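Have a look at this one before I ask anything.
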Amino acid sequence: GFTVRTMERIGVSAVIIEDKIGEKRNSLFGTDVIQEQDSIDHFASKITFGKSRQLIQDFMIIARIESLILNQGLEDALNRASAYIKAGADGILIHSKEKTPDEILAFCVKYKKITKGIPLVVVPTTYNSITESELSRAGVKMVIYGNHLLRSAYPAMVETAKTILRNERSLEADKMCMSIPEILNLIP
């Protein structure tokens with residue numbers, strides 16, 4: 001309850017909580033590392049508790065379902081979505097590590113039957129051949145590109161570092177960098 005109210009107080013509009021328990025490991029490890037999903041009832045009780053403590057009507061608790069990541073299957077994911085919606089979830093995030101969007105699209109078809117207008121969120125990191133328009137037509141309301149900016153920044157930083165090392169100065173790296181006034185004005 002304290003956490004929800006703290007987030008509200010500092011201006012957070014939504015929080016995504018995942019139904020895994022134990023040590024946090026990136027979902028894209030899948031079953032290559034030990035990852036455990038919470039029970040449906042226990043996770044649903046977390047959602048209900050969080051919703052009961054919120055003071056701001058617009059604050060959203062979005063439930064992230066890891067069933068597809070952990071090879072628990074489509075039916076498990078749908079059962080969880082239904083239970084989490086009944087518990088008060090304001091949105092459902094369905095995650096997948098597959099290279100194609102097929103299992104996400106299969107989830108979308110069946111999700112429409114249980115949704116009652118609860119928004120569906122996806123993170124197409126591995127199945128990135130699908131467009132936002134295609135996802136929208138399937139019923140997805142929000143697309144999160146979770147790590148693309150970080151993954152693209154690292155190669156640029158490596159190239160800048162190599163240029164500085166090669167030239168023993170930063171002059172040649174200037175063309176790869178944002179100007180000082182631009183970076184200072186990013187945050188008002």
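From a predicted model like this one, the values you see are computed outputs, not experimental measurements.
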Sidechain-backbone polar pair: D19 side chain, E66 backbone, donor-acceptor under 3.5 Å: yes
Inter-residue atom distance D102.CG - Y127.OH, 0.5 Å rounding: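 The CG atom of D102 sits 11.5 Å away from the OH atom of Y127.
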Polar side-chain atom of S45 near backbone of H42 as donor-acceptor pair, under 3.5 Å: yes
Residue pair V4, F49: steps toward the side chain to side chain contact (heavy atoms under 4.5 Å, CB included) verdict: CA-CA 10 Å; V4 168; F49 180 77; over 6 Å; no
Single-linkage hydrophobic cluster, 4.5 Å side-chain cutoff, I130 and F107 together: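 Yes.
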Pairing residues for I183 by the side chain to side chain contact (heavy atoms under 4.5 Å, CB included) criterion, not counting sequence neighbours: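 Once residues adjacent in sequence are excluded, the partners of I183 under the side chain to side chain contact (heavy atoms under 4.5 Å, CB included) criterion are M178, L186.
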Contacts of S179 that satisfy side chain to side chain donor-acceptor pair (under 3.5 Å) - sequence neighbours left out: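 Only E182 meet the side chain to side chain donor-acceptor pair (under 3.5 Å) criterion with S179.
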ILVMFWY cluster, I92 and L74 together (side-chain gap under 4.5 Å):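 Cluster IDs for I92 and L74 match.
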Closest non-hydrogen atom pair, A173 against I164: CB-CG1, 4.2 Å
Any donor-acceptor pair under 3.5 Å from S152 side chain to L149 backbone: yes
Salt bridge (charged side-chain N to carboxylate O under 4.0 Å, His left out): pairs with one or both residues in residues 127-151, sequence neighbours excluded: none
Hydrophobic cluster membership, L120 vs M60, 4.5 Å side-chain cutoff: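 Hydrophobic grouping puts L120 apart from M60.
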Contact summary for C108 and A138, nearest pair of heavy atoms: CB-O, 3.3 Å
Minimum side-chain heavy-atom gap I94-L68 below 4.5 Å: yes
Flag side-chain contact, heavy atom, 4.5 Å: N167 against L171: no
Positive for salt bridge (charged side-chain N to carboxylate O under 4.0 Å, His left out) with E18, one of R64, R80, K46: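 Of R64, R80, K46, salt bridge (charged side-chain N to carboxylate O under 4.0 Å, His left out) with E18 is met by R64 alone.
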Pair M176-E159, side chain to side chain contact (heavy atoms under 4.5 Å, CB included): steps then yes or no: CA-CA 9 Å; M176 294 180 263; E159 188 54 38; 3.9 Å; yes
Side chain D90, main chain I61, donor-acceptor under 3.5 Å: yes
Side chain to side chain contact (heavy atoms under 4.5 Å, CB included) partner of I17, chosen from L93, I62, I47, D38: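 One option only clears the test, and that one is I47.
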No-hydrogen, no-angle side-chain donor-acceptor test under 3.5 Å, S96 and E103: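 Short answer, yes.
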Shortest non-hydrogen contact between L135 and P124, atoms and distance: CD1-CG, 4.5 Å
Shared hydrophobic cluster for V140 and V109 (ILVMFWY, side-chain gaps under 4.5 Å):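 No, it is not one cluster - the side chains of V140 and V109 are not joined through contacts under 4.5 Å.
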Under 3.5 Å: donor-acceptor pair, side chain of R53, backbone of R5: no
Q72 backbone acceptor or donor facing D76 side chain under 3.5 Å: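 Side chain of D76 to backbone of Q72, a donor-acceptor pair under 3.5 Å: no, none is there.
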Donor on one side chain, acceptor on other, E98 and T126, under 3.5 Å: no
Closest heavy-atom pair and its distance - A89, A63: CB-CB, 4.2 Å
Under 3.5 Å: donor-acceptor pair, side chain of Q54, backbone of I56: yes
Heavy-atom closest contact (T160 atom, C177 atom, distance): CG2-SG, 4.4 Å
Distance-only donor-acceptor check, side chains N128 and Y145, under 3.5 Å: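 On atom types as modelled, these side chains do not qualify, holding no pair under 3.5 Å.
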Shortest non-hydrogen contact from L78 toward I114: O-CD1, 3.7 Å
Heavy-atom donor-acceptor pair, T48 side chain to A87 backbone, under 3.5 Å: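 Pair found, side chain donor or acceptor close to backbone of A87.
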R169 and E172 ion-paired at < 4.0 Å: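 Yes.
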Residue among Q37, H95, K97 satisfying side chain to side chain contact (heavy atoms under 4.5 Å, CB included) with L70: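 Among the candidates, only Q37 passes.
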Hphob cluster co-occupancy, F59 + I85, side-chain heavy atoms under 4.5 angstrom: yes
Euclidean distance, S13 OG relative to M7 CE, rounded to 0.5 Å: 11.0 Å
